[in-house]
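Worksheet: the structure to be examined is printed underneath.
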There are 2 protein chains.
Amino acid sequence: MKRGVTDRAMPSGQGRFPKRVEAMLDAADAACAAHGARLTPLRRQVLGLVLESDQPIGAYALLDRLKESRTGAAPPTVYRALEFLLERGFVHKVERLNAFIGCHSATAPHDHDDHDHAHTVQFLICGKCGRVQELEDESVRSALANAASRAGFAPGRMTVEVEGVCRDCG
Amino acid sequence: MKRGVTDRAMPSGQGRFPKRVEAMLDAADAACAAHGARLTPLRRQVLGLVLESDQPIGAYALLDRLKESRTGAAPPTVYRALEFLLERGFVHKVERLNAFIGCHSATAPHDHDDHDHAHTVQFLICGKCGRVQELEDESVRSALANAASRAGFAPGRMTVEVEGVCRDCG
DNA sequence: GTCAGTCTGTTACCTTATAACGCATGAAGC
DNA sequence: GCTTCATGCGTTATAAGGTAACAGACTGAC
């Protein structure tokens, strides 16, 4: 109803994102196009908001920001966009924080395709400053895959999160 | 949610738990005593309920069962007990399911102390049958600890959860 | 243009978790 | 004995996270 034309206007809200974010968005856009997926304005905006906050951000915090430019935004608005972005590996969910964070490798300029690093990411969560660092360690992935196989288990998506103290806080 | 025939074994409400559970409760009790902690009747009951369900169980499902014998039970009742049990390593939280599961190694008869295996447990979650299997693989733990250290990170509690397909479902 | 599939708006609701306050119990000290 | 402090728990209220279901709008294929 009140949803006129605003979102076709295309700027993400009132303005655009910082350059570094726009670049990642463009990379994501390209990756989507290459797979026949659609990074719609809404999805692009949500991804932008996630990337803009380089730390994990909750769905409702995201929603609040979204509301600044989309008056009608509601929880499903955010969650549906997040669902898409998670499937595509553009964002990850940090389970311990119930929060979402952008995947830097999936939104890197030359990223490509399907060898699912998206499924094998590790997070280091600093208990002091709250910052989260993304890790992509192959030895962890393979150790885990082996252990799972040994248990007769065909591994799929892996959630690996380590709470501790980061270099700066240590 | 399946109403298994097997968990009808004992009314678990007011009375006691099955023998295997009582044995684990006694072990937990002993472990608490050895550390100056108190496994109060409430905590013991909550732990019993978690152990009785050998699969992950949500806090509110736990609450429902608790209410059968404690009319006044409310969310904090359960969450406070769980907090204690988590700290002591008697139960783990499966983050992806928002559910809790008993730690078999911490409640084993001859369990001892503090070398925190409690912090280094892995879960295999079957996407088909929903069953969860606990794993305690040292190579995973050390790979992860090494990767974290290399990133300048002092690792503490680790959450490792693998979604996939179990032997029976595969 | 019309049809099917996808995406989004909208309302309503459910589940999970915590804050805050106060009473009860029990050990520690005088 | 009585105070004091700490811990555990009851109780109320509310925050935070997440989904179901239906309707309208858009897009691409024919």
Side-chain angles (χ1 to χ4, degrees), chain A residues 1-10 12-13 29 32-33 35-47 49-50 56-88 90-101 130, chain B residues 1 29 32-33 35-47 49-50 56-88 90-101:
Chain A
M1 312 190 160
K2 8 189 85 183
R3 198 57 274 115
V5 207
T6 57
D7 47 11
R8 226 166 348 204
M10 130 112 289
S12 58
D29 211 342
C32 280
H35 291 74
R38 297 170 55 201
L39 190 66
T40 64
L42 172 61
R43 291 167 177 173
R44 186 179 171 106
Q45 188 179 0
V46 171
L47 178 54
L49 290 171
V50 173
I57 182 170
Y60 279 69
L62 232 30
L63 177 56
D64 286 341
R65 301 205 187 172
L66 207 54
K67 279 180 181 165
E68 293 171 6
S69 58
R70 294 189 177 243
T71 55
T77 312
V78 167
Y79 281 104
R80 284 192 290 230
L82 285 172
E83 185 185 9
F84 173 87
L85 298 170
L86 285 166
E87 272 170 8
R88 298 279 149 183
F90 296 134
V91 310
H92 292 292
K93 179 172 186 181
V94 183
E95 296 284 349
R96 287 172 86 111
L97 306 177
N98 292 321
F100 302 86
I101 190 169
Chain B
M1 301 286 181
D29 211 342
C32 279
H35 290 74
R38 298 170 54 200
L39 190 67
T40 64
L42 173 61
R43 291 166 176 174
R44 186 180 171 105
Q45 189 179 359
V46 171
L47 178 53
L49 289 170
V50 173
I57 182 171
Y60 279 70
L62 233 29
L63 177 56
D64 286 341
R65 300 205 188 172
L66 206 55
K67 278 180 180 164
E68 293 170 7
S69 60
R70 292 189 177 244
T71 54
T77 312
V78 166
Y79 280 103
R80 284 192 290 231
L82 285 173
E83 185 185 8
F84 172 87
L85 297 171
L86 286 166
E87 272 169 9
R88 297 280 148 183
F90 296 134
V91 310
H92 292 293
K93 180 172 184 181
V94 183
E95 297 284 349
R96 287 171 86 108
L97 305 178
N98 292 320
F100 303 87
I101 190 169

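This structure is a prediction, so every number in the text was calculated from the model and none was measured. Proteins get letters first, then strands, A, B, ... in listed order; numbering begins at 1 in each.
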By nearest-heavy-atom nucleotide on DNA chain C, the more 5' of P75(B) and A81(A) is A81(A)

Fit a plane to each ring of F90(B) and F84(B), take the angle between them on a 0 to 90° scale, and name the class: parallel (under 30°), tilted (30 to 60°) or perpendicular (over 60°). tilted

With heavy-atom distances below 4.5 Å as the criterion, would you say the side chains of Q45(B) and S69(B) are in contact? yes

Does P76(A) reach the side chain of E83(A), with side-chain heavy atoms less than 4.5 Å apart? no

Tell me: [atom1] of [X] to [atom2] of [N], nearest whole Å?
X: L63(A); N: dT10(C); atom1: CG; atom2: C1'; answer: 13 Å
X: K67(B); N: dT11(D); atom1: NZ; atom2: P; answer: 12 Å
X: L97(A); N: dT16(C); atom1: CG; atom2: C1'; answer: 16 Å
X: L42(B); N: dT7(D); atom1: CG; atom2: C1'; answer: 13 Å
X: Y79(A); N: dG9(C); atom1: OH; atom2: P; answer: 17 Å
X: L39(A); N: dT6(C); atom1: CG; atom2: P; answer: 18 Å
X: F100(B); N: dT15(C); atom1: CZ; atom2: P; answer: 16 Å
X: L82(B); N: dA17(C); atom1: CG; atom2: C1'; answer: 11 Å

Checking all strands, does R43(B) fall into the base, sugar-phosphate, or nothing category for heavy-atom contacts under 4.0 angstrom? sugar-phosphate

Distance check: side-chain N/O of R70(B) vs OP1/OP2 of dC9(D), anything under 4.0 Å? no

Below 4.0 Å: OP1/OP2 of dG18(D) and any side-chain N or O of K93(A): yes

Nearest-neighbour nucleotide for the A59(A) side chain, dG18(D), dC7(C), dG10(D) considered: dG18(D)

Candidate nucleotides dT11(C), dG8(D), dG9(C), ranked by approach to the side chain of T77(A) - the nearest: dG9(C)

The residue among V94(A), I57(A), V91(A) that forms side-chain contact (heavy atoms from CB on, under 4.5 Å) with I101(A) is V94(A)

Does Y60(B) stack onto the base of dT16(C), taking stacking as ring centres under 5.5 Å apart and planes under 30° apart? yes

On DNA chain D, more 5' by nearest nucleotide between N98(B) and R38(B) is R38(B)

So which heavy atom on L86(A) is nearest to which on K93(A), and how close? CD2-N, 3.7 Å

Using only modelled atom types and a 3.5 angstrom limit, is any donor from either the side chain of R80(B) or the base of dG10(D) paired with an acceptor on the other? yes

